[in-house]
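First the structure, in the form of structure tokens, and then the observations on it.
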Amino acid sequence: MASIRQPARERLLRAADALFYANGIAATGVDAVIAKAGVATGSLYKNFSGKDDLVAAYLAERDQRFRGMWDAHVEAETDPVGRLLAIFGATEQWALEADLRRGCAHVAAAAQLPDGHAGIGVAAGHKRHVIDRLTALAGAAGLRDPGRAASDIALIYDGMLSGLAIGVDAAPIERGRRLAEAVIEHDLR
């Protein structure tokens with residue numbers, strides 16, 4: 001039975017994800033993405049207006065994949081505090097299934113992109129979503145100041161991702177979860 005090939009857009013996004021994350025956006029040309037995707041040059045320009053559009057789409061697609069994984073972890077929890085902490089379980093799963101040696105792809109991209117690049121807007125949207133979702137979950141868990149707790153947990157989360165990138169901490173996800181639990185416990189008092 002013949003295998004079904006993925007559409008060119010999906011192959012380009014998968015190739016961009018691998019190459020932009022591993023090698024950096026600035027260091028990766030569209031020719032490398034096209035070659036890894038195994039598509040014709042015209043396929044890139046049929047699906048994206050150019051590299052900038054591909055970068056923004058790569059970041060948006062990565063964001064959607066993480067949101068889906070996070071949603072699944074939230075839905076699997078019955079305890080409201082467990083739902084708030086589900087971001088750590090989702091990240092643990094993400095680390096097992098994807099490359100996280102550079103930390104957060106959105107932060108890494110924002111550090112490489114010029115002001116005004118569409119990818120920075122996507123990266124900022126990802127971070128806003130994390131804080132907004134944590135705020136809603138913190139409110140549902142009965143925290144006194146859900147916004148502050150969510151911002152604290154988001155900062156811990158970003159530090160945890162940096163810990164994964166740097167490799168100085170043997171268990172940054174576990175440490176991040178423990179610190180988030182302390183934030184929650186403090187806010188519930």
Side-chain angles (χ1 to χ4, degrees), residues 17-18 20-25 55-56 58-113 115 117-189:
D17 184 52
F20 289 159
Y21 188 78
N23 304 327
I25 293 167
V55 168
Y58 140 71
L59 291 169
E61 194 276 334
R62 193 169 176 106
D63 175 55
Q64 289 304 311
R65 281 189 293 134
F66 182 73
R67 286 183 192 202
M69 190 174 290
W70 187 11
D71 288 345
H73 280 262
V74 168
E75 294 305 316
E77 288 288 339
T78 56
D79 174 60
V81 171
R83 293 169 68 89
L84 178 56
L85 293 168
I87 193 168
F88 296 98
T91 304
E92 199 164 43
Q93 181 182 350
W94 186 268
L96 292 173
E97 296 177 9
D99 181 6
L100 282 181
R101 75 180 185 282
R102 293 196 182 273
C104 178
H106 295 88
V107 171
Q112 297 175 62
L113 299 174
D115 289 344
H117 191 286
I120 292 177
V122 175
H126 169 74
K127 292 303 178 183
R128 277 191 300 276
H129 173 76
V130 168
I131 292 170
D132 291 347
R133 183 79 191 276
L134 288 171
T135 301
L137 292 166
L143 274 64
R144 286 180 293 135
D145 190 346
R148 192 193 79 213
S151 292
D152 289 351
I153 293 169
L155 189 61
I156 291 166
Y157 172 73
D158 282 336
M160 174 199 70
L161 291 172
S162 294
L164 284 166
I166 304 293
V168 184
D169 190 319
I173 297 172
E174 181 181 310
R175 182 180 306 278
R177 183 186 335 256
R178 201 169 57 247
L179 290 169
E181 288 170 348
V183 166
I184 294 165
E185 182 180 319
H186 178 267
D187 201 87
L188 286 172
R189 286 189 204 152

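Predicted, not measured: the structure shown is a model, and the values here were computed from it. Residue numbers run from 1 in the order of the sequence given.
Judged as a salt bridge (Lys or Arg N to Asp or Glu O under 4.0 Å), and not counting sequence neighbours, the contacts of Asp71 are Arg133. In this view, Ala60 and Val122 satisfy the side-chain contact (heavy atoms from CB on, under 4.5 Å) rule, not counting sequence neighbours. Remark: Gln112 pairs with no residue by the side-chain hydrogen bond (donor to acceptor under 3.5 Å, both in side chains) rule, at least two apart or across chains. Partners of Arg128 under the salt bridge (Lys or Arg N to Asp or Glu O under 4.0 Å) rule, at least two apart in sequence or in another chain, do not exist in this structure. Taking Arg102 as the reference, Tyr21 meet the side-chain contact (heavy atoms from CB on, under 4.5 Å) condition, with sequence neighbours excluded. The salt bridge (Lys or Arg N to Asp or Glu O under 4.0 Å) search around Asp63 returns Arg67, not counting sequence neighbours. In this structure Glu92 satisfies the salt bridge (Lys or Arg N to Asp or Glu O under 4.0 Å) test together with Arg177, sequence neighbours excluded. Under the side-chain contact (heavy atoms from CB on, under 4.5 Å) criterion, Ala154 pairs with Val130, Ile131, Leu134, not counting sequence neighbours. In this view, His117 satisfies the ring pair (Phe, Tyr, Trp, His ring centres under 6.0 Å) rule with no residue, not counting sequence neighbours. Every residue was checked against the ring pair (Phe, Tyr, Trp, His ring centres under 6.0 Å) condition with Tyr157, not counting sequence neighbours, and none meets it.
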Listing, residues 182-189 side-chain donor-acceptor contacts under 3.5 Å, not counting sequence neighbours, or none:
residue : atom : partner : partner atom : Å
Asp187  : OD1  : Arg148  : NH2          : 3.3
Asp187  : OD2  : Arg144  : N            : 2.6
Asp187  : OD2  : Asp145  : N            : 3.0

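Closest of all the heavy-atom pairs between Ala138 and Leu84 is N-CD1, 3.8 Å. Ala90 and Trp70 get closest at one heavy-atom pair: CB-CA, 3.7 Å. Taking all atoms of both residues into account, the shortest heavy-atom contact from Pro80 to Ala140 is CB-O, 3.9 Å. When all heavy atoms of Pro172 and Asp169 are compared, the closest pair comes out as CD-O, 3.4 Å. When all heavy atoms are compared, the tightest approach of Gly139 to Pro146 is N-CB, 3.6 Å. Residues Ala180 and Leu85 approach most closely at CB-CD2, 3.7 Å, considering heavy atoms.
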Walk me through whether Arg83 and Glu75 qualify under side chain to side chain contact (heavy atoms under 4.5 Å, CB included).
CA-CA 7 Å; Arg83 293 169 68 89; Glu75 294 305 316; 3.7 Å; yes

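If you take CG on Leu161 and CD1 on Ile173, they are separated by 8.0 Å, rounding to the nearest 0.5 Å. Between the CD atom in Glu181 and the CD1 atom in Ile156 there is a gap of 10.0 Å [rounded to 0.5 Å]. Here the straight-line distance linking atom CE of Met69 with atom OG1 of Thr91 works out to 9.0 Å at 0.5 Å rounding. For the atom pair CD of Glu61 and CZ of Arg65, the computed distance is 4.5 Å after rounding to the nearest 0.5 Å.
With a 4.5 Å cut-off on side-chain heavy atoms, Lys127 and Val107 count as touching.
The environment of CD in Gln64 is crowded: more than 12 heavy-atom neighbours from other residues, nucleotides or ligands sit within 6.0 Å.
The aromatic rings of His106 and His126 lie parallel to each other, with less than 30° between the two planes, well short of the 60° mark.
Identified under the ring pair (Phe, Tyr, Trp, His ring centres under 6.0 Å) test for residues 74-104, with sequence neighbours left out: Phe66-Trp94.
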